[in-house]
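Just so we're on the same page: letters track the sequence lines, and every chain starts at 1.
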Protein chains: 2
Amino acid sequence: MSEIPTPSLKSPAAAFSPLYKQIKDLLVHSLHEGEWKPGESIPSELELAARFQVSQGTVRKAIDELAAENLLIRRQGKGTFVATHHEAQVRYRFLRLKSDSEGNAARAQSVYLQCARQRATQDVARVLLLRGSDSVIYIRRIMSFGTVPTVLDEIWLPGDAFKGLSIEKLQAMNGPLYGFFETEFGVNMVRADEKLKAVACDAETAGLLNVEQGTPLLQVNRVSYTYGDRPMEIRRGLYVTEHYHYRNGLN
Amino acid sequence: MSEIPTPSLKSPAAAFSPLYKQIKDLLVHSLHEGEWKPGESIPSELELAARFQVSQGTVRKAIDELAAENLLIRRQGKGTFVATHHEAQVRYRFLRLKSDSEGNAARAQSVYLQCARQRATQDVARVLLLRGSDSVIYIRRIMSFGTVPTVLDEIWLPGDAFKGLSIEKLQAMNGPLYGFFETEFGVNMVRADEKLKAVACDAETAGLLNVEQGTPLLQVNRVSYTYGDRPMEIRRGLYVTEHYHYRNGLN
DNA sequence: TAGTGGTCTAGACCACGTT
DNA sequence: ACGTGGTCTAGACCACTAG
């Protein structure tokens, strides 16, 4: 078998890449191209095995890893599906804020304050891999649980990938922002890195979140990535953690 | 094959447990019993396959999952080893605090303030699965990076499992606390859950961490577990996040 | 050279969901 | 009944480490 040869570059200490990794890369490429959209099913393991001229087991191992990374979701008896931010189970996948008491019964509700097109600052451009001349979209919003304002988010998006995004569309939308990005712009966030700090609430934020100036807030700086580790969003959140906490599992 | 029969209970909707899961449970049991100690190698896949009367592939799948959960570490050509908190790569595995600037060059140094035996409070007893009459060990310490005090930890341990722990031993020890727990008490922490909040520094803590009272601190409430999800530690940390942050990867 | 984990295959059968 | 993913097997060969 193995139509796909091990790496063509025969450099000394040639990088060895197992077949299933190559299959994995091909699958990620197809995902990024949009061959299968979020929520849809991908071809069956046997079909993919035939397409790539490998055994079912090899395809299986590739899919296993992609499922472990939450790019795909396996459903026994039904098929394998492209992960989406729309489904109930995984909505707000990246939001780790939980109520101290109950299991987060109160539904999140967002109010959008601002949506503007700007030149990328140096910091933003560097992280999003843009040039200084490129434009970014800047968004500001408040998330409330029940009626209590809890999170102030500032968001930066690369202008090219999110053409036509306006505050009207944001206000009309409901449900998770990442789901909206999927269906409206074909951008599926797959992974994110966060850096957390405790900071004091400044005067403007105090007004927006309805807390005293100086109140300790949890500052969450996030960079989100699509397929292939392409950075597509910067987000800075300020969380009021009086009745909520950020949960995290370590292993 | 399959000496180990599928579940003996034939209740309606009988719980189906695949062979490799059963093997996995047997391996975890052996780990908990201390058949193989942290840092040691476990038997080869073929040996285990012979022992359990299954194929190598089934053992492999069990080990794969345990490696993914960081209970075991695979090393090609050498063997499979019991994970330990001692090795350089994984030391301070559960400490997510990083320097804002460099890659955490400064070495962590701990000063132990207190180590006392107490009756378990109701909250502590509930989480550690103790009775109210059981004793717990309470520890307080300060961690510094370079010379800057950065973390104030309060720790509660079940008294039974940590008999003989004293402040002298803590002060004599260096390196990570979890490594010390391994070698001195045979308790290997494997997983932890954390809840984070931003809080204001109180007067006493201000003195200890050398910051102004009211400074925002990152409060990290952790519960750590050994093999088999047995809770073995409660830890409340207060982090000064002026020059450090808590990093987290989401997927 | 021998032993370990890592990859790949081919085929059988099971569990689940749909038709 | 059929098609999907899930489990299990047996065997071949590869890559890495060590003596």
Between [options], spot the one nearest the side chain of [X], thanks.
X      : options                  : answer
S55(B) : dG6(C), dA10(D), dG6(D)  : dA10(D)
K78(B) : dC16(D), dG5(D), dA18(D) : dA18(D)
T58(B) : dT9(D), dT7(C), dG6(D)   : dT9(D)
P18(A) : dT9(C), dT7(C), dA15(C)  : dT7(C)

Earlier contact from the 5' end, DNA chain C, for Q56(A) and I63(B):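 So the residue in question is I63(B).
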Where does the angle between the aromatic ring planes of F180(A) and F185(A) fall among parallel (under 30°), tilted (30 to 60°) and perpendicular (over 60°)?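 F180(A) vs F185(A) ring planes: perpendicular.
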Anything under 30° is parallel, anything over 60° is perpendicular, the rest tilted; go ahead and classify Y178(B) against H85(B).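 Plane angle between 30° and 60°, so tilted.
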Nearest-Å distance for atom pair [atom1]/[atom2], residues [X] and [N]:
X      : N       : atom1 : atom2 : answer
E47(A) : dG3(D)  : CD    : P     : 11 Å
F81(A) : dG17(C) : CZ    : C1'   : 10 Å
F16(A) : dG6(C)  : CZ    : P     : 12 Å
R74(B) : dT17(D) : CZ    : P     : 15 Å
L46(A) : dC2(D)  : CG    : C1'   : 13 Å
D64(B) : dG5(C)  : CG    : P     : 11 Å
E45(A) : dG3(D)  : CD    : C1'   : 12 Å
Y20(A) : dC14(D) : OH    : P     : 18 Å

With a cut-off of under 6.0 Å to the ring centre and 45° to the axis, is R74(A) in cation-pi contact with F81(A)?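 No, cation not above the ring by the 6.0 Å, 45° rule.
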Counting only side-chain N and O atoms of S44(B), is one of them less than 4.0 Å from OP1 or OP2 of dG3(C)?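 Indeed not, no polar side-chain atom of S44(B) lies that close.
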Distance-only side-chain donor-acceptor flag, D100(A) / H243(A), under 3.5 Å: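 On atom types as modelled, these side chains do not qualify, holding no pair under 3.5 Å.
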Give a yes or no on whether a donor-acceptor pair under 3.5 Å exists between the nucleobase atoms of dG6(D), that is its base, and the side chain of R60(A).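 When only heavy-atom distances are counted, R60(A) does reach the base of dG6(D) through a donor-acceptor pair under 3.5 Å.
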Is the base of dG17(C) touched by the side chain of R75(A) through a donor-acceptor pair closer than 3.5 angstrom?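 No such pair is found, so the answer is no.
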Does the D193(A) side chain pair with the main chain of G249(B), one donor and one acceptor, at a distance under 3.5 Å?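 No; judged by distance alone, with no hydrogens or angles, the pair does not exist.
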Side-chain donor/acceptor of H245(A) to backbone N/O of K195(B), under 3.5 Å: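 Looks like no, no N/O pair under 3.5 Å.
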Restricting to side chain to side chain contact (heavy atoms under 4.5 Å, CB included), what partner residues turn up for Q76(A), sequence neighbours left out?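 Residues passing side chain to side chain contact (heavy atoms under 4.5 Å, CB included) with Q76(A): none at all.
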Determine which bases of DNA chain D form Watson-Crick or G-U wobble pairs with both distances under 3.5 Å, and write the result as a 5' to 3' dot-bracket string with | for other-strand partners. ||||||||||||||||||.
